[in-house]
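For reference, the structure discussed in these notes is given below.
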Amino acid sequence: MRRVVCPGSFDPVTFGHLDIIARAAGLYDEVIVAVLINVTKQSLFTVDERVQMLRDVTSRYANVKIDRFHGLLVDFCANNGITTVIKGLRAVSDFEYEMQMAQMNYRMAKVETLFMTTNPLYSFLRSSLVREIARYGGDVSGLVPESVLARLRERLAEE
Ligand code: PNS
């Protein structure tokens, strides 16, 4: 079975992420979306919430599974028999850091990274901008799925 992992923070999942996940699902037998558990980074949503939102918005893709990991991505890959990572590349600004991680992951464990160019509709989109705009009352509809939009409104109302 051809499997690929799509790792990230997904705080929260955006249409940019979904575009990459959906296209990867068309290319691979199974796509594992892996949410990084990062205790040192403050997040808007808990890992459980992010996993749940991802499950909701990918439910139509039978071959997409949502998981979580902490530590090194290459260890998650080894533990799950995965040899390939897929990442979205938005712009040249993404490239340098992504290339370093890809080369390091290959050096550590021969894990390959494939880059998929982002749909130009979403090339400016990142979760941190969505959080910031939503926090200050800006309109993020059209950037995240409806269910995520509702969760964002709820969470920011609590703050
Ligand atoms: O959505 P993000 O925050 O840009 O995702 C970054 C992520 C999770 C893909 C990256 O930070 C990662 O793989 N972290 C796991 C720790 C690790 O393996 N570090 C070494 C990378 S060479």
Side-chain angles (χ1 to χ4, degrees), residues 2-25 27-28 30-58 61 64-135 140 142-145 147-149 151-152 155-156:
R2 289 161 55 82
R3 302 168 85 210
V4 71
V5 62
C6 182
S9 303
F10 304 102
D11 187 34
V13 58
T14 68
F15 277 133
H17 296 128
L18 253 188
D19 173 62
I20 299 293
I21 294 166
R23 286 159 64 201
L27 295 172
Y28 281 85
E30 190 168 84
V31 179
I32 316 291
V33 180
V35 179
L36 175 67
I37 303 168
N38 186 348
V39 284
T40 61
K41 194 169 156 190
Q42 217 187 340
S43 58
L44 182 62
F45 293 102
T46 65
V47 170
D48 282 345
E49 289 170 330
R50 284 180 263 157
V51 165
Q52 192 52 57
M53 284 188 274
L54 277 160
R55 289 212 167 110
D56 290 346
V57 300
T58 60
Y61 306 109
V64 173
K65 306 266 180 306
I66 316 298
D67 205 344
R68 63 190 75 202
F69 75 106
H70 56 82
L72 293 178
L73 179 60
V74 291
D75 290 338
F76 177 82
C77 290
N79 293 336
N80 290 278
I82 300 169
T83 55
T84 312
V85 175
I86 195 155
K87 292 274 193 85
L89 261 195
R90 285 168 294 211
V92 179
S93 50
D94 281 343
F95 184 73
E96 202 171 342
Y97 183 52
E98 291 295 344
M99 192 177 70
Q100 286 168 355
M101 283 200 289
Q103 290 175 336
M104 193 62 93
N105 284 334
Y106 188 81
R107 182 180 186 276
M108 284 191 287
K110 300 265 183 299
V111 167
E112 298 282 8
T113 301
L114 301 183
F115 293 113
M116 189 176 259
T117 53
T118 298
N119 182 326
L121 282 176
Y122 306 124
S123 59
F124 57 91
L125 184 52
R126 59 172 66 238
S127 298
S128 57
L129 280 180
V130 168
R131 294 196 301 271
E132 186 174 308
I133 292 164
R135 180 166 276 134
V140 293
L143 303 180
V144 295
S147 56
V148 175
L149 196 59
R151 292 255 198 166
L152 261 174
R155 176 53 39 88
L156 294 168

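Just so you know, ligand 1 is whichever comes first in the structure, and atom 1 is the first atom listed for that ligand. Starting from 1, each residue takes its place in the sequence as its number.
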Quick one: does S123's side chain have a donor or acceptor within less than 3.5 Å of a partner on R90's backbone?
no

Among residues two or more places apart or on two chains, list those pairs meeting side-chain hydrogen bond (donor to acceptor under 3.5 Å, both in side chains) that have a residue in residues 68-85.
D48-R68

Taking N105 for its side chain and V74 for its backbone only, find out whether a donor-acceptor pair lies under 3.5 Å.
no

Check for a donor-acceptor pair, side chain of R131 on one end and backbone N or O of D11 on the other, with a separation under 3.5 Å.
yes

State which residues pass side chain to side chain contact (heavy atoms under 4.5 Å, CB included) with F124; sequence neighbours excluded, sorted by chain then number.
L143

Excluding sequence neighbours, so at least two apart, what forms side-chain hydrogen bond (donor to acceptor under 3.5 Å, both in side chains) with S43?
R50

What residues come within 4.0 Å of ligand 1, counting heavy atoms only?
P7, G8, S9, L36, K41, F69, G71, L72, L73, K87, M101, M104, N105

